[in-house]
Amino acid sequence: MSYSVGQVSGFAGITVRTLHHYDKAGLLSPSDRSPAGYRLYSDADLSRLQQILFYRELGFPLDEIATILADPQANALDHLRARHRLLNDQISKLQRLVEVAEQAMEVQQTGVELSPEERFEVFGEVTFDLTYATQAHLKWQHRESYQRSMARAAEHSKEDWAQIMAEAADWRLRLTAAFDAGEPADGERAMDLAEEHRQHIARWFTPCPTDVHGRIADGFVTDPRAFALAVPPTGQRPGLAPYLRTAVHANAVRRSPADDA
């Protein structure tokens, strides 16, 4: 079977101009010509083109493809191993660029206006999961309470964040101590810690009535990413998230609506 340039272009999904370029470069010349002088490609030509496109997809330059195909005894595996190493290096570089972009996106999504170095210094192991921050932004971006919280977060200085994190770290130590000591989740000590958490949110971010606080605590149980913002994984215990949720709801019951500040 013989195929015209147009047919091969359609088969391979490449342009006629590309086929002419391969011919001019000596990489793929058609085996035959029609009586009118038009290029005709054989099945063997198509097989060679398939190899060319395979190597091109891997990023091989045309001169290296020509070298591989010119010598049937050449060890194509060596070329593939070299290309594999190069692609892995490129992937690593791209991954670093992705991380930089994610850090920039994270700052915008969370409202934390700090440099990466400042963020590490202030937050340490407490990190914002980008997917969680993005989902929250998409879900709540039009709500006034969310907008107010993000605006407040953006106003905080590095010193503010250091104080916020110090208060949170102290609260976490006392929460885990109560949990480890077997204090009941609906007892005074646990409820006081829940109330302290609610007041912390209200003081630094947005008004947090008990019903809103309850929804936040529910999220601690249903989404580990949310709980990690309150208690980093290294400080978590099995059952701690449900413990805090119970304390939050118990605290809501003991308080009157007028107490919600």
Side-chain angles (χ1 to χ4, degrees), residues 96-179 189-210 212-217 219-220 223-237 240-241 244-245 247-248 251 255 259-261:
R96 288 195 290 272
L97 290 175
V98 168
E99 291 171 358
V100 170
E102 285 182 347
Q103 288 177 342
M105 291 167 59
E106 187 177 318
V107 168
Q108 295 300 317
Q109 299 286 14
T110 61
V112 180
E113 300 292 344
L114 299 177
S115 70
E117 293 79 10
E118 290 175 324
R119 289 168 60 79
F120 181 80
E121 178 184 345
V122 172
F123 294 109
E125 64 177 330
V126 180
T127 59
F128 293 94
D129 186 294
L130 181 62
T131 58
Y132 178 72
T134 302
Q135 289 172 5
H137 177 75
L138 293 174
K139 184 176 181 180
W140 306 112
Q141 60 181 315
H142 300 300
R143 293 209 173 186
E144 183 180 351
S145 59
Y146 178 83
Q147 294 170 355
R148 182 167 54 243
S149 177
M150 292 298 97
R152 286 284 305 280
E155 293 173 355
H156 294 327
S157 65
K158 177 183 175 181
E159 291 71 25
D160 290 334
W161 281 111
Q163 183 176 344
I164 291 169
M165 298 309 295
E167 291 179 5
D170 176 69
W171 172 83
R172 284 195 299 272
L173 286 175
R174 290 182 284 115
L175 173 69
T176 53
F179 178 79
R189 185 176 175 186
M191 288 191 292
D192 287 347
L193 286 164
E195 175 60 18
E196 186 177 336
H197 182 261
R198 187 180 76 86
Q199 293 290 347
H200 179 85
I201 295 172
R203 181 167 59 258
W204 290 107
F205 299 103
T206 186
C208 187
T210 52
V212 172
H213 197 214
R215 289 195 293 272
I216 292 173
F220 291 161
D223 194 332
R225 299 171 302 178
F227 188 52
L229 293 176
V231 181
T234 55
Q236 293 179 14
R237 317 283 202 264
L240 183 58
L244 179 55
R245 179 182 62 177
V248 166
N251 179 59
R255 301 186 62 82
D259 293 329
D260 283 352

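Below, each value reflects all heavy atoms present in this structure, side chains not excepted, and no hydrogens, waters or symmetry copies.
- A pairwise comparison of heavy atoms in F205 and W161 identifies CE2-CH2, 3.6 Å as the closest pair.
- Of the inter-residue distances, the one linking D170 atom CG with E196 atom CD reads 7.0 Å to the nearest 0.5 angstrom.
- Looking at heavy atoms from C-beta onward, R198 lies out of side-chain contact with V212 at the 4.5 angstrom threshold.
- With H213 as the fixed residue, the side chain to side chain donor-acceptor pair (under 3.5 Å) test singles out one of Q199, E195, H197: H197.
- Annotation: side chain of Q163 is in contact with side chain of E167 (closest heavy-atom distance under 4.5 Å).
- Across every non-hydrogen atom of L193 and L175, the tightest pair is CD1-CA, 3.7 Å.
- Between A202 and C208 the shortest heavy-atom distance is CB-N, 4.1 Å.
- R255 and T210 get closest at one heavy-atom pair: CD-CG2, 4.1 Å.
- Of all the heavy atoms in F220 and A226, the pair that sits closest is CE2-O, 3.6 Å.
- Taking both residues in full, the closest heavy atoms of Q236 and A228 are given as NE2-CA, 3.8 Å, listed atom of the first, atom of the second, then distance.
- The main-chain N or O of S157 is found under 3.5 Å from a side-chain atom of D160 such that the two form a donor-acceptor pair.
- Applying the side-chain contact (heavy atoms from CB on, under 4.5 Å) rule to R237 yields the partners T176, F179, D180, L240; only residues at least two apart in sequence or on another chain are considered.
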